[in-house]
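See structure below.
Numbers here simply count residues along the sequence, with the first being 1.
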Amino acid sequence: MAEQVDVVVIGLGVGGEEASGRLAQAGLKVVGIEPRLVGGECPYYGCIPSKMMIRAGDLIAETRRVDGMAGTATVTPDWGPVARRIRDEATDNWNDKVAVDRLVGKGVTFVRGRGTITGPGRVVSGDREFEASRGIIVATGTVPVVPPIEGLAGTPFWTNQDAIRLETLPASLLVLGGGAIGMELTQVFARFGVQVTVIEGTDRVLAMEEPESSELARFALERDGVKFKTGVHAKAVSYSGDAFTVTLEDGGTVTGEKLLVATGRRVDIKDLGLDQVGLDPAARRIEVDEHVRAADGVWAVGDVTGVGVFTHNAMYQANVAVLDILGAEDAPTASYHAMPRVTFLDPEIGAVGLTEQQARDQGLDVRTGLTQVPASTRGWIHKAGNEGFIKLIMDNEQGVLVGATSAGPTGGEVLGTLALAVHARVPVHTLRQMIYAYPTIHRAIESALADL
């Protein structure tokens with residue numbers, strides 16, 4: 001006999017954990033189902049441990065910048081403290097007991113297993129069946145993409161999870177993919193002395209961002225010793241027992257001790273039973289409306305919706321779903337026109353909204369403004385490691401920003417002002433009348449506005 005509940009949440013990554021906890025605290029009877037780690041990729045394999053790695057790599061780079069500015073300094077990289085911090089402080093050795101206890105403490109009934117929808121409001125996990133009177137939330141996230149390259153599937157390649165769990169570093173590493181995850185891990189390993197070669201099929205890394213961002217990222221990584229093969233796809237992969245060889249479409253080859261596949265992520269929803277509620281289990285994502293509803297009595301949040309593979313979006317959509325389910329009078333509707341994103345390189349590259357090309361592709365009358373961070377007073381003071389820029393994308397007809405990029409020593413932080421401007425559609429005229437604190441890097445926004 002089915003257990004009667006209010007809501008069943010399938011998948012307890014960041015979005016599912018947030019939604020289930022808040023609904024339970026609001027007094028609803030909530031069941032949360034998760035076969036892996038409660039909290040998902042972010043705390044165990046993504047945001048948190050990777051940023052610990054990045055912080056360590058940045059410290060090495062910053063120490064090397066002492067020469068010529070504050071004396072002399074030498075640094076000997078040691079991966080041991082980084083691995084210990086990730087294991088002990090971030091992940092509890094990849095144990096989610098703390099997260100489970102936190103969730104149960106909020107009143108959620110936790111089920112370790114896979115959830116399958118068997119009909120409207122009905123979910124089965126193992127030998128338990130639940131009937132949800134208010135509905136189901138699907139928050140099952142994504143899994144790494146493994147491209148169909150000849151020979152790859154039979155080799156011990158890494159995904160991001162393997163890279164995060166590392167106790168010792170290889171001498172050399174090949175990285176398939178020039179997106180944010182690949183670039184962040186590339187810079188970390190390079191700064192710890194690994195010889196890294198990046199293979200990217202498009203003609204530039206960070207291909208979804210501004211060309212200026214791609215150029216800056218490549219410059220920074222080449223300075224760290226990284227080699228690039230761009231504009232050429234991997235054709236085949238072989239493994240000899242102690243090294244990988246990747247054969248490229250142009251006939252060239254590259255060799256490395258280890259191979260990291262960082263070619264993106266995809267949804268895996270084929271076994272969720274979505275057809276039982278009128279959804280396509282073969283779809284590339286679960287499409288949702290402005291209330292993040294996917295079907296009658298079904299909501300979806302986070303990566304599974306295909307709206308940006310970002311923790312902050314999962315939290316955002318979870319809030320929309322929670323307030324919709326609770327019938328809140330002031331329940332918001334989802335809008336993604338000001339989606340912020342940060343690639344945590346050094347220099348840090350933050351962006352929000354549309355790129356220049358995306359804006360032009362939408363038929364907007366575009367005007368751009370650009371300024372270099374080293375040209376600002378704070379950038380000039382900063383000197384070593386001051387590379388970066390601020391680029392603004394303006395809808396000339398509306399007189400508002402529709403996108404912006406902030407790259408530099410604190411690119412992700414400077415982005416805050418620009419994200420607010422895009423989100424609230426603040427008139428550019430108003431932005432020009434603001435007082436920008438001196439001498440800060442965010443004051444360079446004023447110069448970019450003047451360039452519009």
Side-chain angles (χ1 to χ4, degrees), residues 54 58 180 183-184 187 204-221 223 308 310 312 337-360 364-396 398-452:
I54 290 165
D58 287 352
M183 291 301 89
E184 289 178 356
Q187 188 171 55
R204 61 188 178 97
V205 299
L206 301 183
M208 300 302 292
E209 301 296 346
E210 298 284 4
E212 294 90 344
S213 297
S214 301
E215 183 179 348
L216 179 63
R218 181 162 182 164
F219 166 80
L221 269 65
R223 183 174 55 189
F310 307 120
H312 44 272
H337 71 282
M339 181 71 74
R341 53 203 182 271
V342 181
T343 302
F344 290 88
L345 293 174
D346 173 19
E348 206 166 81
I349 300 174
V352 61
L354 303 176
T355 64
E356 178 181 353
Q357 188 59 53
Q358 289 169 340
R360 294 190 186 283
L364 299 182
D365 177 11
V366 171
R367 185 183 296 181
T368 65
L370 180 71
T371 190
Q372 298 295 325
V373 168
S376 70
T377 302
R378 180 60 178 272
W380 175 77
I381 293 169
H382 196 86
K383 195 175 181 178
N386 67 352
E387 296 86 3
F389 65 91
I390 292 174
K391 182 176 182 179
L392 308 180
I393 313 301
M394 175 183 172
D395 178 344
N396 199 40
Q398 298 295 322
V400 298
L401 299 183
V402 294
T405 294
S406 166
T410 56
E413 305 304 325
V414 174
L415 184 68
T417 298
L418 299 172
L420 177 60
V422 174
H423 173 78
R425 297 182 172 89
V426 178
V428 167
H429 174 76
T430 301
L431 296 175
R432 286 184 171 130
Q433 307 310 310
M434 280 180 58
I435 302 173
Y436 295 85
Y438 181 89
T440 61
I441 290 177
H442 97 264
R443 185 176 172 85
I445 294 171
E446 192 172 41
S447 298
L449 288 167
D451 191 54
L452 278 172

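- Heavy atoms only, all atoms of each residue included: E184 and F344 are closest at OE2-N, 2.7 Å.
- Side-chain atoms of T371 and S376, non-hydrogen and from C-beta on, never get closer than 4.5 Å to each other.
- Residues passing the ring-ring contact (aromatic ring centres under 6.0 Å, His included) test with F310 are H312, sequence neighbours excluded.
- Contact between T355 and Q358 at its shortest, heavy atoms only, is N-OE1, 2.9 Å.
- Side chains of L418 and V422 form no contact here, defined as non-hydrogen atoms less than 4.5 Å apart.
- With sequence neighbours excluded, no residue satisfies ring-ring contact (aromatic ring centres under 6.0 Å, His included) with F219.
- With rounding to the nearest 0.5 Å, the separation of CG in D451 from CE in M394 is 12.5 Å.
- Residues G385 and P409 approach most closely at O-CG, 3.5 Å, considering heavy atoms.
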- Step by step, would you call L452 with V428 a side chain to side chain contact (heavy atoms under 4.5 Å, CB included)? CA-CA 9 Å; L452 278 172; V428 167; 4.0 Å; yes
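- Taking the salt bridge (charged side-chain N to carboxylate O under 4.0 Å, His left out) definition, one finds that R367 meets it with nothing, sequence neighbours left out.
- In this view, M434 and L431, Y436 satisfy the side-chain contact (heavy atoms from CB on, under 4.5 Å) rule, not counting sequence neighbours.
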- Message: Show, in sequence, the C-alpha distance, side-chain angles and deciding distance for I390 and V414, and conclude whether the side chain to side chain contact (heavy atoms under 4.5 Å, CB included) test is met.
- Response: CA-CA 9 Å; I390 292 174; V414 174; 4.2 Å; yes
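- Annotation: side chain of I393 is not in contact with side chain of L354 (no heavy-atom distance under 4.5 Å).
- Within 6.0 Å of the CD1 atom in I381, the count of heavy atoms belonging to other residues, nucleotides or ligands exceeds 12.
- Under the side-chain hydrogen bond (donor to acceptor under 3.5 Å, both in side chains) criterion, the residue pairs touching residues 377-391 are E210-K391, E212-K391, R223-E387, E356-K391, T377-Y438, with sequence neighbours excluded.
- Pairs engaging residues 410-436 under the salt bridge (Lys or Arg N to Asp or Glu O under 4.0 Å) rule: none recorded [sequence neighbours left out].
- A 4.5 Å side-chain heavy-atom check between T368 and L392 finds every atom pair outside the cut-off.
- Sorted by first then second residue, the side-chain hydrogen bond (donor to acceptor under 3.5 Å, both in side chains) pairs that include residues 341-352, not counting sequence neighbours, are R65-D346, R191-D346, E209-R341.
- Shown here are the salt bridge (charged side-chain N to carboxylate O under 4.0 Å, His left out) partners of R218, two or more places apart in sequence or in another chain: E222.
- Between L370 and F389, the shortest heavy-atom contact is CD1-CD1, 3.6 Å.
- To the nearest 0.5 Å, the span separating OG on S213 from CE on M183 amounts to 13.5 Å.
- Closest approach of S406 and L415 over heavy atoms only: OG-N, 4.0 Å.
- Every residue meeting the side-chain contact (heavy atoms from CB on, under 4.5 Å) condition with A217, not counting sequence neighbours, appears here in chain and number order: V205, L206, L345, I349.
- Scored by the side-chain contact (heavy atoms from CB on, under 4.5 Å) test, A419 finds V352 as partners (sequence neighbours excluded).
- Between Q187 and L221 the shortest heavy-atom distance is NE2-CD1, 3.9 Å.
- Here Q398 pairs with D395, V400 under the side-chain contact (heavy atoms from CB on, under 4.5 Å) rule; sequence neighbours left out.
- Listed by chain and residue number, nothing satisfies the side-chain hydrogen bond (donor to acceptor under 3.5 Å, both in side chains) test with H423 (two or more places apart in sequence, or in another chain).
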